[in-house]
Amino acid sequence: MTAAPEVDLVIPVHGGWDFVRSCIRAALAQTVPAHVIVVDDLSPDDTADRISAEFPDVTLLRNEVNLGFARTCNVGMAAGDGRLVMLVNSDVVLEPDAVAAALGALPDDPAPHVGSAATLLLAPDGTVDSYGIVADVTGAGFVRFHGAELSKADAEHPPVLGPYGAVAVYRRAALDEVGLFDTNIFMYGEELDLAFRLRAAGWSCVAMPEPSGMHLGGASAGKESARQRRLSGFARGYLLRKYGVLRSRWGLRALLVEAIVTGARLVLRRDAVSLVGRWEGWRRGALAQRVTLPLDAVDSSIDLRLSLRMRGERYWAARD
(Lines give C-alpha, C1' and ligand atoms only; values in the text may rest on other atoms or scores of the structure.)
Protein backbone atom coordinates (compact mmCIF):
# COMPACT_ATOMS: atom_id res chain seq x y z
CA MET A 1 0.00 0.00 0.00
CA THR A 2 1.12 3.56 -0.71
CA ALA A 3 1.95 5.52 2.44
CA ALA A 4 -0.33 8.43 3.24
CA PRO A 5 1.16 11.84 2.31
CA GLU A 6 3.03 13.58 5.11
CA VAL A 7 1.85 17.03 3.99
CA ASP A 8 -1.67 18.44 3.93
CA LEU A 9 -1.59 21.15 1.28
CA VAL A 10 -4.50 23.48 2.10
CA ILE A 11 -5.78 25.97 -0.49
CA PRO A 12 -8.45 28.49 0.59
CA VAL A 13 -10.51 29.70 -2.39
CA HIS A 14 -12.89 32.60 -2.97
CA GLY A 15 -13.54 32.85 -6.70
CA GLY A 16 -10.99 33.58 -9.41
CA TRP A 17 -11.06 30.35 -11.39
CA ASP A 18 -8.17 31.19 -13.71
CA PHE A 19 -5.53 31.52 -11.00
CA VAL A 20 -7.18 28.85 -8.83
CA ARG A 21 -6.78 26.33 -11.64
CA SER A 22 -3.08 27.17 -12.03
CA CYS A 23 -2.60 26.88 -8.27
CA ILE A 24 -4.22 23.44 -8.03
CA ARG A 25 -2.39 22.13 -11.08
CA ALA A 26 0.94 23.06 -9.48
CA ALA A 27 -0.15 21.50 -6.17
CA LEU A 28 -0.93 18.20 -7.89
CA ALA A 29 2.31 18.24 -9.89
CA GLN A 30 4.64 18.08 -6.87
CA THR A 31 7.61 15.70 -6.96
CA VAL A 32 6.47 14.46 -3.54
CA PRO A 33 2.68 13.95 -3.42
CA ALA A 34 0.63 15.87 -0.87
CA HIS A 35 -2.96 15.59 0.31
CA VAL A 36 -4.49 18.58 -1.49
CA ILE A 37 -7.42 20.08 0.43
CA VAL A 38 -9.31 22.93 -1.25
CA VAL A 39 -11.79 24.92 0.85
CA ASP A 40 -14.21 27.08 -1.13
CA ASP A 41 -15.28 30.06 0.97
CA LEU A 42 -18.64 30.58 -0.75
CA SER A 43 -17.16 31.78 -4.04
CA PRO A 44 -19.24 34.42 -5.84
CA ASP A 45 -18.89 32.46 -9.09
CA ASP A 46 -18.82 28.83 -10.23
CA THR A 47 -15.23 28.20 -9.12
CA ALA A 48 -16.19 25.39 -6.71
CA ASP A 49 -18.14 23.51 -9.38
CA ARG A 50 -15.24 23.83 -11.80
CA ILE A 51 -12.80 22.50 -9.20
CA SER A 52 -15.06 19.52 -8.59
CA ALA A 53 -15.30 18.76 -12.32
CA GLU A 54 -11.64 19.24 -13.28
CA PHE A 55 -9.85 18.01 -10.15
CA PRO A 56 -11.63 14.92 -8.77
CA ASP A 57 -8.48 13.87 -6.87
CA VAL A 58 -8.51 16.82 -4.47
CA THR A 59 -10.53 17.00 -1.28
CA LEU A 60 -13.04 19.80 -1.88
CA LEU A 61 -14.83 21.36 1.08
CA ARG A 62 -17.49 24.06 0.69
CA ASN A 63 -18.31 26.66 3.33
CA GLU A 64 -22.03 27.38 3.58
CA VAL A 65 -21.28 31.00 4.54
CA ASN A 66 -18.35 33.31 3.82
CA LEU A 67 -16.03 32.66 6.78
CA GLY A 68 -13.02 34.68 5.71
CA PHE A 69 -9.44 33.62 5.13
CA ALA A 70 -8.46 32.67 8.69
CA ARG A 71 -11.51 30.53 9.44
CA THR A 72 -11.39 28.93 5.99
CA CYS A 73 -7.76 27.94 6.53
CA ASN A 74 -8.77 26.45 9.88
CA VAL A 75 -11.44 24.34 8.17
CA GLY A 76 -8.84 22.95 5.78
CA MET A 77 -6.20 22.34 8.44
CA ALA A 78 -8.70 20.53 10.66
CA ALA A 79 -9.70 18.27 7.76
CA GLY A 80 -6.23 16.74 7.41
CA ASP A 81 -3.94 14.65 9.57
CA GLY A 82 -0.56 15.03 7.85
CA ARG A 83 2.58 15.62 9.84
CA LEU A 84 2.96 19.01 8.17
CA VAL A 85 0.42 21.60 7.05
CA MET A 86 1.24 23.76 4.03
CA LEU A 87 -1.10 26.70 3.48
CA VAL A 88 -1.09 28.00 -0.08
CA ASN A 89 -2.94 31.08 -1.32
CA SER A 90 -5.02 30.41 -4.42
CA ASP A 91 -3.00 33.01 -6.35
CA VAL A 92 0.30 31.16 -5.84
CA VAL A 93 1.91 28.77 -8.32
CA LEU A 94 4.24 26.42 -6.47
CA GLU A 95 7.56 25.15 -7.72
CA PRO A 96 7.43 21.36 -8.36
CA ASP A 97 9.72 20.63 -5.39
CA ALA A 98 8.00 22.93 -2.88
CA VAL A 99 6.52 20.08 -0.83
CA ALA A 100 9.82 18.18 -0.87
CA ALA A 101 11.60 21.31 0.35
CA ALA A 102 9.08 21.73 3.17
CA LEU A 103 9.71 18.16 4.31
CA GLY A 104 13.43 18.86 4.27
CA ALA A 105 13.02 22.03 6.30
CA LEU A 106 10.85 20.33 8.94
CA PRO A 107 12.05 16.72 9.20
CA ASP A 108 10.29 14.15 11.35
CA ASP A 109 12.34 15.06 14.40
CA PRO A 110 10.80 17.41 16.96
CA ALA A 111 14.03 17.68 18.94
CA PRO A 112 15.02 21.12 17.54
CA HIS A 113 11.48 22.33 18.37
CA VAL A 114 11.12 24.02 14.97
CA GLY A 115 7.41 24.58 14.46
CA SER A 116 7.20 26.44 11.16
CA ALA A 117 9.05 27.28 7.98
CA ALA A 118 9.05 30.55 6.02
CA THR A 119 9.05 30.15 2.25
CA LEU A 120 10.79 32.37 -0.27
CA LEU A 121 8.22 33.55 -2.81
CA LEU A 122 8.81 35.54 -5.96
CA ALA A 123 6.67 38.19 -7.61
CA PRO A 124 5.85 37.95 -11.34
CA ASP A 125 8.69 40.39 -12.14
CA GLY A 126 11.28 38.14 -10.48
CA THR A 127 11.76 40.23 -7.34
CA VAL A 128 11.06 38.86 -3.88
CA ASP A 129 7.40 38.87 -2.92
CA SER A 130 7.98 37.63 0.63
CA TYR A 131 10.42 35.72 2.79
CA GLY A 132 8.65 35.32 6.09
CA ILE A 133 7.83 38.06 8.57
CA VAL A 134 9.57 40.09 11.25
CA ALA A 135 8.05 42.29 13.99
CA ASP A 136 9.09 45.29 16.06
CA VAL A 137 8.60 45.84 19.79
CA THR A 138 5.06 47.21 19.28
CA GLY A 139 3.98 43.98 17.58
CA ALA A 140 3.87 45.55 14.10
CA GLY A 141 4.69 42.95 11.47
CA PHE A 142 6.66 43.44 8.27
CA VAL A 143 7.08 41.17 5.25
CA ARG A 144 10.77 40.42 4.84
CA PHE A 145 12.50 41.47 1.59
CA HIS A 146 9.30 42.45 -0.25
CA GLY A 147 10.33 44.11 -3.53
CA ALA A 148 14.03 43.32 -3.18
CA GLU A 149 16.18 41.60 -5.77
CA LEU A 150 16.45 37.87 -5.19
CA SER A 151 20.19 38.18 -4.53
CA LYS A 152 19.44 40.31 -1.46
CA ALA A 153 17.21 37.73 0.25
CA ASP A 154 18.89 36.49 3.42
CA ALA A 155 17.63 33.50 5.38
CA GLU A 156 19.02 34.68 8.72
CA HIS A 157 19.17 38.48 8.77
CA PRO A 158 16.91 39.93 9.97
CA PRO A 159 15.87 36.89 12.06
CA VAL A 160 12.64 35.41 10.77
CA LEU A 161 9.71 35.38 13.20
CA GLY A 162 7.34 33.19 11.20
CA PRO A 163 6.04 32.36 7.74
CA TYR A 164 4.11 34.80 5.58
CA GLY A 165 0.56 33.65 4.88
CA ALA A 166 0.81 33.28 1.09
CA VAL A 167 2.67 29.99 1.58
CA ALA A 168 3.16 28.96 5.19
CA VAL A 169 4.44 25.62 6.50
CA TYR A 170 3.59 24.41 10.01
CA ARG A 171 4.35 21.32 12.05
CA ARG A 172 0.99 19.86 13.07
CA ALA A 173 2.32 19.03 16.53
CA ALA A 174 2.99 22.73 17.06
CA LEU A 175 -0.50 23.68 15.90
CA ASP A 176 -2.00 21.04 18.18
CA GLU A 177 -0.25 22.73 21.09
CA VAL A 178 -1.06 26.42 20.42
CA GLY A 179 -4.18 26.20 18.25
CA LEU A 180 -4.99 27.37 14.73
CA PHE A 181 -5.62 30.89 13.44
CA ASP A 182 -7.47 33.38 15.66
CA THR A 183 -11.03 33.35 14.31
CA ASN A 184 -11.62 36.97 15.35
CA ILE A 185 -9.43 37.94 12.38
CA PHE A 186 -11.17 37.78 9.00
CA MET A 187 -8.04 38.28 6.88
CA TYR A 188 -4.52 39.72 7.29
CA GLY A 189 -2.49 39.47 10.48
CA GLU A 190 -3.57 35.93 11.33
CA GLU A 191 -0.12 34.50 10.54
CA LEU A 192 1.56 37.19 12.68
CA ASP A 193 -0.61 36.32 15.66
CA LEU A 194 0.07 32.60 15.20
CA ALA A 195 3.81 33.30 14.94
CA PHE A 196 3.69 35.12 18.30
CA ARG A 197 1.82 32.22 19.93
CA LEU A 198 4.21 29.64 18.52
CA ARG A 199 7.24 31.57 19.73
CA ALA A 200 5.69 32.07 23.17
CA ALA A 201 5.30 28.27 23.38
CA GLY A 202 8.95 27.74 22.47
CA TRP A 203 8.54 26.85 18.78
CA SER A 204 11.01 28.50 16.39
CA CYS A 205 10.88 29.13 12.63
CA VAL A 206 13.37 28.39 9.85
CA ALA A 207 13.67 30.10 6.47
CA MET A 208 13.74 27.84 3.42
CA PRO A 209 16.63 28.88 1.13
CA GLU A 210 15.23 28.28 -2.36
CA PRO A 211 12.16 29.87 -4.01
CA SER A 212 8.98 27.88 -3.40
CA GLY A 213 6.75 29.56 -5.95
CA MET A 214 5.38 32.74 -7.48
CA HIS A 215 2.74 34.92 -5.80
CA LEU A 216 0.43 37.04 -7.93
CA GLY A 217 -0.79 38.94 -4.86
CA GLY A 218 -3.96 40.80 -3.96
CA ALA A 219 -6.31 38.27 -5.50
CA SER A 220 -8.59 37.88 -2.48
CA ALA A 221 -9.22 41.45 -1.36
CA GLY A 222 -7.66 43.40 -4.21
CA LYS A 223 -4.19 44.90 -4.01
CA GLU A 224 -4.36 48.18 -2.04
CA SER A 225 -8.14 48.13 -2.28
CA ALA A 226 -10.30 49.83 0.35
CA ARG A 227 -11.31 46.41 1.65
CA GLN A 228 -7.69 45.37 2.02
CA ARG A 229 -6.77 48.55 3.89
CA ARG A 230 -9.74 48.16 6.21
CA LEU A 231 -9.01 44.51 6.99
CA SER A 232 -5.31 45.24 7.54
CA GLY A 233 -6.25 48.10 9.86
CA PHE A 234 -8.64 45.82 11.71
CA ALA A 235 -5.89 43.27 12.35
CA ARG A 236 -3.53 45.96 13.64
CA GLY A 237 -6.10 47.39 16.04
CA TYR A 238 -7.12 43.93 17.21
CA LEU A 239 -3.57 42.75 17.91
CA LEU A 240 -2.68 45.99 19.70
CA ARG A 241 -5.43 45.25 22.21
CA LYS A 242 -4.99 41.48 22.36
CA TYR A 243 -1.31 41.79 23.26
CA GLY A 244 -1.76 44.81 25.54
CA VAL A 245 0.77 46.85 23.58
CA LEU A 246 -0.69 50.23 24.61
CA ARG A 247 -0.29 49.29 28.28
CA SER A 248 3.34 48.28 27.78
CA ARG A 249 6.50 50.41 27.87
CA TRP A 250 6.14 50.81 24.11
CA GLY A 251 2.57 52.10 24.26
CA LEU A 252 3.42 55.73 23.48
CA ARG A 253 5.58 54.69 20.57
CA ALA A 254 2.78 52.53 19.18
CA LEU A 255 0.28 55.40 19.50
CA LEU A 256 2.69 57.80 17.79
CA VAL A 257 3.29 55.46 14.85
CA GLU A 258 -0.41 54.74 14.41
CA ALA A 259 -1.16 58.47 14.48
CA ILE A 260 1.48 59.12 11.82
CA VAL A 261 0.35 56.26 9.58
CA THR A 262 -3.38 56.93 9.73
CA GLY A 263 -2.95 60.72 9.86
CA ALA A 264 -0.86 60.68 6.68
CA ARG A 265 -3.59 58.80 4.84
CA LEU A 266 -6.23 61.19 6.13
CA VAL A 267 -4.32 64.32 5.13
CA LEU A 268 -2.64 63.20 1.91
CA ARG A 269 -5.30 60.85 0.52
CA ARG A 270 -8.42 61.78 2.47
CA ASP A 271 -8.66 58.11 3.29
CA ALA A 272 -10.16 57.14 6.65
CA VAL A 273 -10.56 53.44 5.84
CA SER A 274 -7.41 52.33 7.69
CA LEU A 275 -8.42 54.33 10.76
CA VAL A 276 -11.94 52.88 10.75
CA GLY A 277 -10.50 49.38 10.44
CA ARG A 278 -8.22 49.95 13.43
CA TRP A 279 -11.12 51.16 15.56
CA GLU A 280 -13.21 48.14 14.60
CA GLY A 281 -10.30 45.82 15.40
CA TRP A 282 -9.70 47.52 18.74
CA ARG A 283 -13.33 46.99 19.70
CA ARG A 284 -13.17 43.34 18.65
CA GLY A 285 -10.01 42.97 20.71
CA ALA A 286 -12.15 43.25 23.83
CA LEU A 287 -13.25 39.67 23.10
CA ALA A 288 -9.71 38.30 22.97
CA GLN A 289 -7.93 36.66 25.87
CA ARG A 290 -5.13 38.97 26.98
CA VAL A 291 -1.64 37.65 26.26
CA THR A 292 1.81 39.17 26.56
CA LEU A 293 3.92 39.86 23.49
CA PRO A 294 6.86 37.40 23.63
CA LEU A 295 10.00 39.54 23.83
CA ASP A 296 12.18 36.95 22.10
CA ALA A 297 9.85 37.09 19.09
CA VAL A 298 10.38 40.76 18.25
CA ASP A 299 13.37 42.44 16.66
CA SER A 300 14.46 45.11 19.15
CA SER A 301 16.86 46.60 16.59
CA ILE A 302 13.89 48.07 14.70
CA ASP A 303 13.65 51.50 16.32
CA LEU A 304 10.94 54.10 15.74
CA ARG A 305 12.57 55.66 12.70
CA LEU A 306 13.33 52.32 11.08
CA SER A 307 9.81 51.02 11.69
CA LEU A 308 8.44 53.98 9.75
CA ARG A 309 10.91 53.43 6.92
CA MET A 310 10.01 49.74 6.73
CA ARG A 311 6.42 50.70 5.90
CA GLY A 312 7.65 52.25 2.66
CA GLU A 313 7.15 50.29 -0.55
CA ARG A 314 10.81 50.64 -1.56
CA TYR A 315 12.46 49.88 1.78
CA TRP A 316 13.69 46.36 1.07
CA ALA A 317 14.66 47.17 -2.52
CA ALA A 318 16.86 50.05 -1.36
CA ARG A 319 18.19 48.31 1.75
CA ASP A 320 21.90 47.55 1.69
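Only heavy atoms go into these numbers, but all of them, side chains included; no hydrogens, no water, no symmetry mates.
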S.K.: Tell me, do Leu28 and Phe55 make a side-chain contact under 4.5 Å, heavy atoms counted?
M.R.: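 Yes; the side chains approach each other to less than 4.5 Å.
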S.K.: Does the pair Lys242/Asp182 count as a salt bridge with the N-to-O cut at 4.0 Å?
M.R.: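 Looking at Asp182 together with Lys242, the answer is yes, because their closest N to O distance falls below 4.0 Å.
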S.K.: Tell me whether the rings of Phe181 and Tyr170 are parallel (<30°), tilted (30 to 60°) or perpendicular (>60°).
M.R.: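 Plane angle over 60°, so perpendicular.
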S.K.: For the pair Glu149 (side chain) and Ala317 (backbone), establish whether a donor and an acceptor sit closer than 3.5 Å, ignoring hydrogens and angles.
M.R.: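 No, Glu149 side chain to Ala317 backbone: no donor-acceptor pair under 3.5 Å.
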S.K.: Does CH2 belonging to Trp279 count more than 12 external heavy atoms closer than 6.0 Å?
M.R.: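 For Trp279, atom CH2 is not crowded (no more than 12 foreign heavy atoms under 6.0 Å).
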S.K.: Thr138: which residues meet the side chain to side chain donor-acceptor pair (under 3.5 Å) condition with it, sequence neighbours left out?
M.R.: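 Listed in chain order: Asp136, Arg236.
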S.K.: So do Leu161 and Leu192 actually touch side chain to side chain, heavy atoms under 4.5 Å?
M.R.: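 The answer is yes; the side chains approach within 4.5 Å.
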S.K.: Can you tell me if CZ on Arg319 sees more than 12 non-hydrogen neighbours from other groups inside 6.0 Å?
M.R.: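 Check passes, neighbour count above 12.
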S.K.: Might you point out which heavy atoms bring Val114 and Trp203 nearest each other, and give the distance in Å?
M.R.: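 Nearest heavy atoms, Val114 then Trp203: C-CE3, 3.7 Å.
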S.K.: Check ring pair (Phe, Tyr, Trp, His ring centres under 6.0 Å) between Tyr238 and all other residues, then give those that pass, not counting sequence neighbours.
M.R.: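 For Tyr238 there are no ring pair (Phe, Tyr, Trp, His ring centres under 6.0 Å) partners, ignoring immediate neighbours.
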S.K.: Run the ring pair (Phe, Tyr, Trp, His ring centres under 6.0 Å) test against Trp316 and tell me which residues pass, sequence neighbours left out.
M.R.: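 Ring pair (Phe, Tyr, Trp, His ring centres under 6.0 Å) check on Trp316 returns Phe145.
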S.K.: Are Phe234 and Phe186 an aromatic pair by the rule of ring centers under 6.0 Å?
M.R.: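 Here the rings of Phe186 and Phe234 have centres that are no less than 6.0 Å from each other.
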S.K.: Under the rule for salt bridge (charged side-chain N to carboxylate O under 4.0 Å, His left out), what residues qualify as partners of Asp154, not counting sequence neighbours?
M.R.: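 Listed in chain order: nothing, the list is empty.
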S.K.: Check Asp8 with Arg172, please: is the shortest side-chain N to carboxylate O separation under 4.0 Å?
M.R.: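 Between Asp8 and Arg172 there is a salt bridge, with a charged N closer than 4.0 Å to a carboxylate O.
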S.K.: Show your reasoning for whether side chain to side chain contact (heavy atoms under 4.5 Å, CB included) applies to Val178 and Leu194.
M.R.: CA-CA 8 Å; Val178 306; Leu194 181 53; 3.8 Å; yes
S.K.: Give the minimum heavy-atom separation between Ser116 and Pro163, together with the two atoms involved.
M.R.: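 What the structure gives for the nearest pair is OG-CD, 3.6 Å.
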S.K.: For Asp271, give me all partners under side chain to side chain donor-acceptor pair (under 3.5 Å), at least two apart in sequence or on another chain.
M.R.: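 If we apply the side chain to side chain donor-acceptor pair (under 3.5 Å) test to Asp271, skipping adjacent residues, the hits are Arg229.
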S.K.: With a 3.5 Å cut-off and no angle check, do the side chains of Thr72 and Asn63 form a donor-acceptor pair?
M.R.: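 Looking only at side-chain atoms, Asn63 and Thr72 do form a donor-acceptor pair, the distance falling under 3.5 Å.
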S.K.: Indicate yes or no: at least one non-hydrogen side-chain atom of Thr292 is less than 4.5 angstrom from one of Tyr243.
M.R.: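 Side-chain contact under 4.5 Å: no.
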S.K.: Give me the atom names and distance for the closest heavy-atom approach of Val167 to Met86.
M.R.: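 Looking at all heavy atoms of both residues, the shortest contact is CG1-CE, 3.8 Å.
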S.K.: Taking the side chain as everything from C-beta on, heavy atoms only, tell me whether Cys205 gets closer than 4.5 Å to Leu198.
M.R.: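 Heavy-atom side-chain distance check fails, nothing below 4.5 Å.
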S.K.: According to side-chain contact (heavy atoms from CB on, under 4.5 Å), who are the partners of Ala166, at least two apart in sequence or on a separate chain?
M.R.: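 Applying side-chain contact (heavy atoms from CB on, under 4.5 Å) to Ala166 gives Asn89, Val92, Leu121, Tyr164, His215.
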S.K.: Please name the pair of heavy atoms, one in Met208 and one in Ala117, separated by the smallest distance, quoted to 0.1 Å.
M.R.: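 Heavy atoms of Met208 and Ala117 come nearest at SD-CB, 3.9 Å.
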S.K.: Answer whether the closest heavy-atom distance between the side chains of Arg197 and Asp193 falls below 4.5 Å.
M.R.: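 Yes. Closest side-chain heavy atoms under 4.5 Å.
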S.K.: Is Arg290 reaching over with its side chain to a backbone N or O of Ala288, donor-acceptor style, under 3.5 angstrom?
M.R.: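 Checking the backbone N and O of Ala288 against the side chain of Arg290, a donor-acceptor pair under 3.5 Å is found.
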S.K.: Compare all side-chain heavy atoms of Glu6 with those of His35 and state whether any distance is below 4.5 angstrom.
M.R.: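 Heavy-atom side-chain distance check fails, nothing below 4.5 Å.
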S.K.: Surrounding CG of Asp81 (heavy atoms of other residues, nucleotides or ligands, distance under 6.0 Å), is the total greater than 12?
M.R.: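 At most 12 heavy atoms, drawn from other residues, nucleotides or ligands, come within 6.0 Å of this atom.
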S.K.: Quick check: closest heavy atoms across Arg278 and Thr262, and the distance to 0.1 Å?
M.R.: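 Heavy-atom minimum between the residues: CD-CG2, 3.6 Å.
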S.K.: Main chain of Gly213, side chain of Glu95: is a donor-acceptor contact present, judged purely on distance under 3.5 Å?
M.R.: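 Here the side-chain-to-backbone pair does not exist.
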S.K.: So does Leu306 get a backbone contact from the side chain of Asp303, meaning a donor-acceptor N/O pair under 3.5 Å?
M.R.: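 Yes; at least one donor-acceptor contact below 3.5 Å.
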S.K.: Under 3.5 Å, is there a donor-acceptor pair between the side chain of Glu177 and the main chain of Leu175?
M.R.: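 Side chain of Glu177 to backbone of Leu175, a donor-acceptor pair under 3.5 Å: no, none is there.
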S.K.: Crowded around Leu252 CG? As in, over 12 foreign heavy atoms under 6.0 Å?
M.R.: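 At most 12 heavy atoms, drawn from other residues, nucleotides or ligands, come within 6.0 Å of this atom.
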S.K.: Apply the test side chain to side chain contact (heavy atoms under 4.5 Å, CB included) to residues Ile51 and Val20: give CA-CA distance (whole Å), side-chain angles for both, the deciding distance (0.1 Å), then the verdict.
M.R.: CA-CA 8 Å; Ile51 294 171; Val20 168; 3.8 Å; yes
S.K.: Output yes when a side-chain donor or acceptor of Thr47 lies under 3.5 Å from a complementary backbone atom of Ser43, and no otherwise.
M.R.: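 Looks like no, no N/O pair under 3.5 Å.
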S.K.: Shortest non-hydrogen contact from Arg171 to Pro107?
M.R.: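 Where Arg171 meets Pro107 most closely, the heavy atoms are NH1-O, 3.0 Å.
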